[in-house]
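One structure is given here, and the rest of the page talks about it.
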Amino acid sequence: MTSYLPPAQRIWWKVPVGRQEIVWIAIALVWCLIMFFMMPYWHVYGKQNLSTEAYKTTPAQFGPKVQAMIDQYTVRHETEQQIPVVAPPAGSDIYMLGRLWQWWPILELEKGKTYRLHLSSMDWQHGFSLQPVNINMQVVPGYEMVLNITPDVAGEYGVVCNEYCGIGHHTMLGRIYVKE
Amino acid sequence: MGNFRLCPDSGLFFDKNAESLMKVNAVAAAVSLLVAGLLALGVALTRWPAVHLLPADQFYMYLTAHGVDALLFWIIFFEIAVLYFASSTLLRCRLAAPRWAWLGFALMVIGAITTNVAIFQGNSSVMMTSYVPMQAAPSFYLGLILFAVGALIGCFVFFGTLVIAKNENTYEGSIPLVTFGAMTAAIIAVFTIASGAIILVPTYLWSIGYIAHIDPSMYRIIWWAMGHSSQQINVVAHVSIWYLVGGLLLGARPMSEKVSRFAFLLYILFLQLASAHHILVDPGISAEWKIFNTSYAMYLAVLASLIHGLTVPGSMEVAQREKGYNRGMFEWLRKAPWGNPTFSSVAISIVIFGFIGGITGVVMGTEQINLIIHNTIYVPAHFHATVAVGTTLTFMGLTYLLIPVLFRRQMILPTLAKWQPYLFGAGMTILILFMMGAGTLGVSRRHWDMDFTGAALSFEYSGMAYTMMGIAGIGAVLAVIAGGAFLLITVGSLLVGKKLDASAGLLQSFGVPLAPEAYNAEPEILPMAAAVEEHGSAGFEAPGTFILAMLLLVSFVVYYFINWKYLSSVWPLS
Ligand code: HEM
Ligand SMILES: [Cu+2]
Ligand SMILES: [Cu+2]
């Protein structure tokens, strides 16, 4: 009378199911449905949804767009590497590129304003991990993801790379400033 | 004739070929686990910030090998043994095409060695996911392909054995539930290996220069069609073993054959594009596609696990109550054989798999919540709860059972064996909970240095994140010690354990059959389970389990909404 012997009833699929199981399956199914509806619900009422806007691109197309923004809006340089700090106007298209092993450039944004952030990789896959906010996205070469972000707390943020990208992966660290 | 041996202790019949193949697969699995565990120690001690053991290149090399050896080689070698057990042994049927089965085994061994050599040569530290366009040595992919072909042969040997058993009428009625579960696993395995071939063969050709370009986004979608479904195989395999162990140790029978089989079927039906939950934050994938493919509108694969979560312990409760452990809600549980390592392994595995692995998996597979979890160390925390406790600990428990039965050796160090599952469970739980915590604080997975030494800019994780990674390291050390204890007990038993049959020599432990005289049994047709009186189907047969299941559900609901709350606090984005 066990699970490793053939079922006791030849026509086991006609044996009625006990009440306990029926009750549990019903409760579990309701919960599963609630979990499903939470996702569309959040698209309507929630404020954190990932954009689905994306384009095919190449390093040769994406690189110059980033450079154009840097040329126009650089306000200063930081570190020995002279990384440009770029302060584009509120509401504009802003760019950040990932490459071995840098997030480029540093962005300076205004609190409460919305920007269209374009992300892409020049080489391998990278992971855009905004810390300590903890927003994480996959950055895939050949694709340009565009999302609207609204930084709502001022401060200095790190952009960690959280997709393994080779031996210098742990040095791939970018920055975003959010000003009052 | 003379192809079967009757195990006098368990009453199981072993076909000579199946027996040898089970042994060699189990031994290959144990070797893989040994390697994976040693590597885990290096990896975990590097992620422990105060220790930071290995240099970066070795860390990534070890991590790649740890993932491949643990998740693929240890688990799949063992699963092939389980498939042969569930078909040949449980159905008392000769194994189909034993030569093919040996070929499959040989391919798997060659594949596993090839990939390991590629990794340890140093140019293939690409992680087991090997996301393009990062490239490994061609032999890295080739080894994986050979291994997969070998495993596929194993699946077909399993199907062939089912057909023989049917044609030769070795059993009455329908196949047992455990065999049904194994069949589910094998069906999913065929789908998995097909997806694997679709992605790994072109990747291999790309690595040797025949193909110029592989789209990295497409790679992720198809790779995860393999990567995710292979995890579903593990779930099905360990749930089947839960049923088996309940039956063998407690005499449990399924509460309802129909419900349990239906739940297995749901895994097959609602699996297809479960890869979706691995690409929730990838560029350009529509929200509708993601929502639909992670849930099929009602999460029916999750429902299946919730069903087994009730029926596995429920069937044990019913069996215990029939033995008279009827007082209160939980006497049946208190009087369970907690000192038997097979039972305690399964019990711990059920709890950690359900309460941690299952809940975290659904939470982080929710479209929007994935934003705050993707690629943080929360992710390895989740899958150590599913595969390292759920699957691995269950397999360990089954191994304890098989040493006397299959290998005909008495287990050595019984006291250590009694404690081993608890130690492994405790170490793993510490590792898991604190990696979850650190992940919530943003700590990245697959990352050599949370101090970012050498970076142009700087960022500092909170002190709490460091503390959590440290405590996780302590848990890891405990788990590795417990893993070592498991291997010491099992390998030691094979080598020096007391022989239960005069002919059980050393070679016999490694795949050579017992002396020919042992194979003198002629199994009778496997009978149907004895019908039991219908009782209590109107009431609740397993009220204690129902309370535990409700506890699971409440934890699930609370934790789920906590994560939505946390999500609502991050920067608005659209
Ligand atoms: C013996 C105890 C174990 C310890 C201490 C351990 C520890 C770890 C740690 C610390 C990581 C790395 C996290 C990171 O930096 O991303 C990891 C990764 C991993 N572990 Fe384990 N683990 C153990 C056992 C297992 C087992 C039994 C399995 C599977 C059955 C497993 C499967 C994996 C996989 C698939 C990865 C991911 C590798 C990757 O990111 O590519 N581990 N483990
Ligand atoms: Cu990286
Ligand atoms: Cu998955």
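Since this is a predicted model, take the numbers as computed values, not measurements.
Between atom CG of residue A:N136 and atom CD1 of residue B:I373 there is a gap of 9.0 Å, rounded to the nearest 0.5 Å. To the nearest 0.5 Å, the span separating CG on B:L90 from OG on A:S3 amounts to 9.0 Å.
Of all non-hydrogen atoms in A:A8 and B:A530, the two that sit nearest each other are CB-O, 3.9 Å. Scanning all heavy atoms of the two residues, the minimum distance from A:H43 to B:A287 falls at CE1-CB, 3.5 Å. Here the closest heavy-atom approach between residue A:T2 and residue B:A529 is recorded as N-CB, 3.9 Å. Shown here for A:T171 and B:A455, the closest heavy-atom pair between the two residues is O-CB, 3.3 Å.
Using a cut-off of 4.0 Å between Lys/Arg side-chain N and Asp/Glu carboxylate O, B:R446 and A:E163 are scored as salt-bridged.
No close placement of the A:W13 and B:F262 rings is indicated, their centers lying 6.0 Å or farther apart. Ring centroids of B:Y60 and A:Y164 are separated by less than 6.0 Å, placing the two rings close together.
Looking at A:Q131, its side chain does come within 3.5 Å of a backbone N or O of B:G442 through a donor-acceptor pair. Between the side chain of A:Q125 and the backbone N or O of B:V132, at least one donor-acceptor pair lies under 3.5 Å. Without hydrogens or angle criteria, A:N49 side chain to B:S574 main chain gives no donor-acceptor distance under 3.5 Å. A:N134 contributes no side-chain N or O that, together with a main-chain N or O of B:V570, makes up a donor-acceptor pair within less than 3.5 Å. The closest donor-acceptor contact from the side chain of A:Q20 to the backbone of B:A542 lies under 3.5 Å. Not a single donor-acceptor pair under 3.5 Å links the side chain of A:T52 to the backbone N or O of B:I285. Proximity of a side-chain donor or acceptor of B:Q368 to a complementary backbone N or O of A:W42 within less than 3.5 Å is not detected.
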Side chain to side chain contact (heavy atoms under 4.5 Å, CB included) for A:Q138 and B:L280? Distances and angles first, verdict last.
CA-CA 9 Å; A:Q138 192 76 20; B:L280 291 174; over 6 Å; no

Test side chain to side chain contact (heavy atoms under 4.5 Å, CB included) applied to A:W103 and B:L457, step by step:
CA-CA 10 Å; A:W103 290 111; B:L457 295 160; over 6 Å; no

One pair to check against side chain to side chain contact (heavy atoms under 4.5 Å, CB included): A:M172 and B:F452. What are the steps and the verdict?
CA-CA 8 Å; A:M172 183 163 170; B:F452 309 101; over 6 Å; no

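Residues A:T150 and B:W571 bring no donor and acceptor atom of their side chains to less than 3.5 Å of each other. There is a side-chain donor-acceptor pair under 3.5 Å between A:Y143 and B:D215.
In this structure, the portions of B:L567 lying under 4.5 Å from any heavy atom of chain A include both its backbone and its side chain. At a 4.5 Å heavy-atom cutoff, A:I11 makes no contact with chain B through either its backbone or its side chain. Using a 4.5 Å cut-off between heavy atoms, A:E21 contacts chain B through both its backbone and its side chain. Contacts of A:I83 with chain B are made by side-chain atoms alone, with heavy-atom separations under 4.5 Å and no backbone atom involved. For A:L130, the part sitting under 4.5 Å from any heavy atom of chain B is the side chain, from C-beta outward, and nothing else. With a 4.5 angstrom heavy-atom cutoff, A:W124 touches chain B via backbone and side-chain atoms both. Residue contact with chain B, scored on non-hydrogen atoms closer than 4.5 Å, involves the side chain of A:V178 exclusively.
Taking the salt bridge (Lys or Arg N to Asp or Glu O under 4.0 Å) definition, one finds that A:D152 meets it with nothing, sequence neighbours left out.
The most heavy-atom pairs under 4.5 Å with chain A, out of B:V259, B:T311, B:T545, B:T129, come from B:V259. Note: B:L310 leads B:D449, B:D282, B:L310 in heavy-atom pairs under 4.5 Å with chain A.
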